[in-house]
Each structure stands twice: as C-alpha cells, then as structure tokens.
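Chain identifiers are assigned alphabetically (A, B, ...) following the order of the sequence lines, protein sequences preceding nucleic acid strands; residue numbering begins at 1 within each chain.
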2 protein chains.
Amino acid sequence: MDYGSASASERQYLPPAVAVSAVAFALRPPDEASIGDAGTREPGGASPGRGSTTLWIPLVRRTRAPFLGRWALPGGPTRWNETLTDTALRALRDAVLRSPAALEQLYSFGSVERSAEAQRLVTIAYWALYGEEEIARAPGRRADGAARRDPGAPDGAPAAAASTAPARWDDPAPAGDLGASDAAPIAAGGAAPAAGGASAGPDPNVAWFSADELPPLAFDHAEIVATALARLRSKTAYTDVAHRFLGECFTLGRLRSVTEAVLGRTVDPANFRRQALAQGRLEETGELETGSPHRPAKLYRFRDTADAPDPNATDMHAPTRSRS
Amino acid sequence: MDYGSASASERQYLPPAVAVSAVAFALRPPDEASIGDAGTREPGGASPGRGSTTLWIPLVRRTRAPFLGRWALPGGPTRWNETLTDTALRALRDAVLRSPAALEQLYSFGSVERSAEAQRLVTIAYWALYGEEEIARAPGRRADGAARRDPGAPDGAPAAAASTAPARWDDPAPAGDLGASDAAPIAAGGAAPAAGGASAGPDPNVAWFSADELPPLAFDHAEIVATALARLRSKTAYTDVAHRFLGECFTLGRLRSVTEAVLGRTVDPANFRRQALAQGRLEETGELETGSPHRPAKLYRFRDTADAPDPNATDMHAPTRSRS
DNA sequence: CCAAAAGTGTTTGACCTACACCCATGG
DNA sequence: CCATGGGTGTAGGTCAAACACTTTTGG
C-alpha cells in the first residue's frame, strides 16, 4: 500500500482518483458564516441586497499544492464504504456544518486536461440546496435533516449515517494518509470572522459567495458551477424545486419570489399561483401569515408525495413535462 | 506499483476503480452479429418482428471472476490519458466494431453494495445510439464516423483519435498490468482483423439482445439499462434524437416509425410531420423515395446546427421545453 | 379501381399570458 | 384612506391532439 508515494512518472499507472464536488445553493449565507468578496464588486452593480434575493454558494479555500489559496467547491475523495451521494453529503456537512435540503447528481467530469503530470482525477459533481430552515439552524453535523434524498437517483444504498471525523478536503489526490487527512488550515486570517454574534468561530477557510461574484476557482470548478446554475434554473422552470429553499411553511408570495430569484426574471403572481396550485403538491396549513402590512396570506405546506422517479435525472439536456 | 496484488483486506484502502459502461441502442443488430436469446421468449409474445421495430442492445459475456459467464454492458476501466467519453467510445468500438452515432453521459453509479470484499467500483454510464448507416457498414474500428459528439456535454477534450489496441473489458477491477491491459480475449474469435469482407467470424462473446428480452446481467447493469431506456424515451419525446437511428436521408414516415418504436406508442402522422418540420432542423434533399407501393415521400436530411448546449444534460429528472 | 401511405386543412380544447379588478391588512 | 400585496376573473394567443380529406403511387 505504498502508492501514496508514487513518483510523478509512476502516477499515470495509478487508477484515477475519484472525488466528489458539490455546488450548494442558498438564498442567503448563514449568519455566522464568513462572506466572501470576489473583489470585483462594482459600485452600482447587482450586489446582493438590491431588492431581490440572490443565490449564495459556499466555497472552501485550498490549503494544498495545486491551486493553493484558491477557492474551490466543497468535496473530497470517496471513501471505500461510501456511496457517491454519501460523500457529497459528508463534504457539505463538513464545510457548511449542516445537511442540505436536497441533493442530486449533476455530472461527471473526467477530462485529462489536468496535466499528465498529476494523477488522473475523475470528479462526480453534485448540486445541493439549503433551505432557510437549515441555514437558520445552529451549526452542527446532526444527521437530523438528513437531506431528503432524491427518489429518482439510482445510487444504490440509502444515505448512510452521519459522518465520523470532520475531515476537510484539500487535495484532489488522496495521497498520504487517507483516514485522518484533517490538514491544518493555512492562512488563518483569511476571510473576516463571524458576521453576526455567533460565538463559535467559523472556519476561516470556508466562505459564502454570491453566485454572481465568484472568485477565480480551482480546477474546472467554474465550469461545474456554471453547469449547476444552468441545471438549477432549468429545474426550477419545470419542477417545484424552489420550495426546498424555504422552510416547511411558506406563502405563495414567498415561493414566487424565490422562483424569481433563481430564474432571474419576474413572474406574474396570479399565474404563478394557479400553476403552483394546479401541481397538486401544495396543501394549505390552515394558518395565515401574521404581521404583514397587507392582507395576510395563506400558509402552504409541501405534500411530499414520493414522486415517481423522473426518467432523466442527470440528463444534461433534458426536458419532459410529463403530460397528464 | 504493487497494489495489483493487494489482498482482499487491503483493497479497502485502494481508491475506487473507475469504469465506464455503455448502453448502446440500435434498431436492429448488424447482420454479422450473433443474436442473443434470453431464453424467455414467449410464443406469441412481443418478439421482434411483429410489425413495429424494437430496440437492440449489444452485450458482452464476462470471462472473469465476478459474474463469470454473465452478460454485461460493454465498458472498461478508464485509462490515464482518456476522457470518460473516450473510454466509452473505445469500449463500444471494441465490442461493436463500429463508432456510435451519438454518445452521451447517463449517470454515475457508485454504490457500495458490491460487497466490501472487492475493490470499490465507480461506474460512469453512457448511452449511445447506432444508426442504420453504422450498422450496415462493414465492421472496422475506423475513426471515420467518429461519433458526432454531444456539444453540450462538458467533458473537456474532444473525442480523441482512434483507439490503439483492441482490448476488451472483462474485469471491473483493473488488477494486474494496467498499461498493457490488452487482456488477450478468451474465446479467440475475437475482434475480427481488418474490415474486409464480413467473412470474419463474429466474436462469440458479443451478442445483440432485444431490449425487451435481456438475459440476467452482471453487476447492477440491469438498473443501468433501465435508466438508459428511460432516458432514451424521455429524450425522444422532446428532442430530435430519433434521427440518429437513421441514415443521412430519410422520409418523415421512417422517422415517425422510429419514434414510435422508441416511445412504444403510435403518433399521429399529420401532427408528427408538422412538429418535426416546425423544429426547423430538417431540410428537403429534393429527392423522393422510390419503389414504394404508395405515393413517394420526400427525403429529408438533418441540418446539423451545432445547437446550444442544453442546460441540463445528465439530469435524471429534467425537462425544459425551451420557449421561443 | 383499390389499398396504402404522403401530405394538407380544420376544429377543438388545454394551457399560458396579460391585465383588470376586488379583498384585507397595517400604517 | 391609501399603499401593498393576496387572491379571483377573464379575454386573447399558441399549440397540440384528433380527424376529415385530398394526392399519388403500385398492384
């Protein structure tokens, strides 16, 4: 078992390393998280907070050889007893300290481009959603909100139990010790400390960035993010994924504004309401929203009908609109 | 580089092996190919040839340890200098002796279920289409028809040159010599030498099966086939993939019957014609079909507009129906 | 002439868009 | 009472399913 020390010329005979990267979206970063600034913030630009909500993505700063110091997607090598989905879950929990509200496979990237010098790397990308419930909840890697798994995803075993050691991924090549690779984070100063008053010092090597203003990313992660964004938009248009961004109860207005944020365009409230209800997957809670400067809105809940596995998850070009 | 001889208990420390499996579809098997019989052929059942066309899938018989003798999807481990797509191409060329007309990533399967004893295996599945042109053409691994690559697939390097050695995949674990893993095909009938006449005996370990009557498959390949079938159907409904099954020129009637075969239901000829033409991607060749017992039909050609990359390839649940 | 498939035209209904309009609340 | 968003109603356009009908060939 000495392949960890293989020389560069030997590496090409090694099997490719399998890593998972996850693009997670949230409508706003957790309060205790540090906020990344790409440095490209234009004065009058579309900075977050100009009215509509924007999407945020958690990134991890690399503390190892290739792309040292660059920001990268949360992720890491698969362990021998983990599902790919489990790896994605673990990586997200380790970086964000919360379980996502949705997780789905995106695409597998296996380019050779990454220099013939290094060991070959195959990356299976996932995309995830954090709802406001998860974001609001105090950090902690509890397996409670264990990501309602996507029923259609054919990935074998169900989401396994919570992870064990809080390892962080910093090197695509799983060289050296596999088990305890908790590489001590360099560049501690890094991003600004806690934003809110949250006591627990956040990991300085994890920060949330506005999807519009990402810093230069390591590897081909920019491409992965682009793919994930496209997919998120695409799915929002024909599915009811948007509700995953919200808590259990929400008003239709809220759901619509989320949809608008993701889609990047406005939607007619009246028509949105009709379509959303026509889906048949929303049910009234019976309660009303309180404390609004206008007519109180009904609260809805999402009926989690274990929907039929969609024929084409992971299809990069798909559409289907199943007819009734 | 001695990990090839690692004992079972050591295997769990090895990185997972990365393999590619491909589900290829064709409307009928090549003439020189052997035809598999699942043994479950019912007398009056929906055997191929009852009128409508059916789908055929090439399988490879395993000649190695796990699942020895079972049929499996064409595929094999990725080489260190290959794109995932290239691996899929190579595997298909080696098994079918032809290049597919379309190739697209399907999903990545990384279950752990496959016993903790063996080395972990991550499979990236592809689906492919063989058109009647490819099927009709004499066998030969010429790089000519080099699979019009799917433009939307973010997979790095373009389809590489033709493969080198005619290796066949028989073991998911790339144990032993990796570099020269041209494991001498057992049952030597093997890949026929030159293209020459169709004389060369077909590989007895490769056979085409009707998609309705597949034999028991190795690993989780049955699941993969199911996923591929679902995706093919789904994409046929909202895309013009169907034409890939045909040659360059075809009548609308032919295109429709292919669509019907894939979808498993009939389609109104009049409406199909309108929709197909409305797509704007078909153009008349100016010629007419000859020798039909009815009014001759116009021949059409597919205009290969390098279409915009579809936002969600590899999305297992997608739909989008891009509006105009 | 007849069968059979190629084409064309027309009706119908579903659905989506846009927009007008009432409802209920906090300030 | 008014601004604001919740919620309902309705007219017009687009599109696809269904089907009637004409056209052109081979037998």
Determine the contact category for Arg254(B): base if any of its heavy atoms lies under 4.0 Å from a base atom, sugar-phosphate if only primed atoms, P, OP1 or OP2 are that close, otherwise nothing. nothing

Rounded to whole Å, the CG-C1' distance (Leu299(B) to dG7(C)) equals 15 Å

Have a look at Glu289(B) and say if it touches a base, only the backbone sugar-phosphate, or nothing, with a 4.0 Å heavy-atom cut-off. nothing

Does any donor-acceptor pair link the side chain of Asn271(B) with the base of dA18(D) at a separation under 3.5 Å? yes

Rounded to the nearest Å, what distance is computed from the CZ atom of residue Arg265(B) to the P atom of nucleotide dA16(D)? 13 Å

Arg98(B) vs Glu134(B), test: salt bridge (charged side-chain N to carboxylate O under 4.0 Å, His left out). Steps then yes/no. CA-CA 7 Å; Arg98(B) 293 162 175 84; Glu134(B) 287 80 17; over 6 Å; no

How would you label the contact of Ala278(A) with the nucleic acid (heavy atoms, under 4.0 Å): base, sugar-phosphate, or nothing? nothing

Nucleotide of dA6(C), dG9(C), dG7(D) approaching Ala270(B) most closely (side-chain heavy atoms): dG9(C)

From CA spacing to verdict: salt bridge (charged side-chain N to carboxylate O under 4.0 Å, His left out), Arg137(A), Glu133(A): CA-CA 6 Å; Arg137(A) 184 173 14 244; Glu133(A) 278 186 353; 5.5 Å; no

Residue pair Phe245(B) / Phe25(B), side-chain heavy-atom distance below 4.5 Å: yes

Rounded to whole angstrom units, what separation is found between the NZ atom of Lys298(B) and the C1' atom of dT23(D)? 12 Å

salt_bridge(Arg254(A), Glu132(A)) N-O dist < 4.0 Å: yes

Atom CD of Glu260(A) to atom C1' of dG5(D): distance rounded to whole Å? 13 Å

Starting from C1' on dG6(D), measure out to CD on Glu284(A) and report it in whole angstrom. 13 Å

Answer yes if the ring centres of Phe302(A) and Tyr300(A) are under 6.0 angstrom apart, and no otherwise. no

Tell me which nucleotide among dA6(C), dT8(D), dG7(D) gets nearest to the side chain of Arg256(B). dA6(C)

Quick one: Asp268(B) CG to dC19(D) C1', roughly how many Å, whole number? 8 Å

Separation of dG9(D) C1' from Phe272(A) CZ (nearest whole Å): 20 Å

Side-chain contact check for Arg295(B): nearest option of dA6(C), dG6(D), dC16(C) is dA6(C)

Of all the nucleotides listed (dT8(D), dT25(C), dT8(C)), which has the minimum atom distance to the side chain of Arg273(A)? dT8(D)

Result for 5'-nearest mapping on DNA chain C, choosing between Gly291(A) and Gln275(A), is Gln275(A)

Grab the CG-C1' distance between Leu252(B) and dT8(C) for me, whole Å please. 14 Å

If you assign Pro296(B) and Pro296(A) each to the DNA chain D nucleotide with the nearest heavy atom, which residue ends up on the more 5' nucleotide? Pro296(A)

DNA chain C nearest-nucleotide lookup for Pro293(B) and Ser292(A): closer to the 5′ end is Pro293(B)

What I want to check is whether an N or O donor and acceptor connect the side chain of Arg274(A) with the base of dG7(D) at under 3.5 Å. no

Report yes or no: does Thr239(A) contribute a side-chain atom to a donor-acceptor pair with the main-chain N or O of Lys235(A) at less than 3.5 Å? yes

Of the listed nucleotides dG6(D), dT25(D), dA17(D), the one nearest the side chain of His294(B): dT25(D)

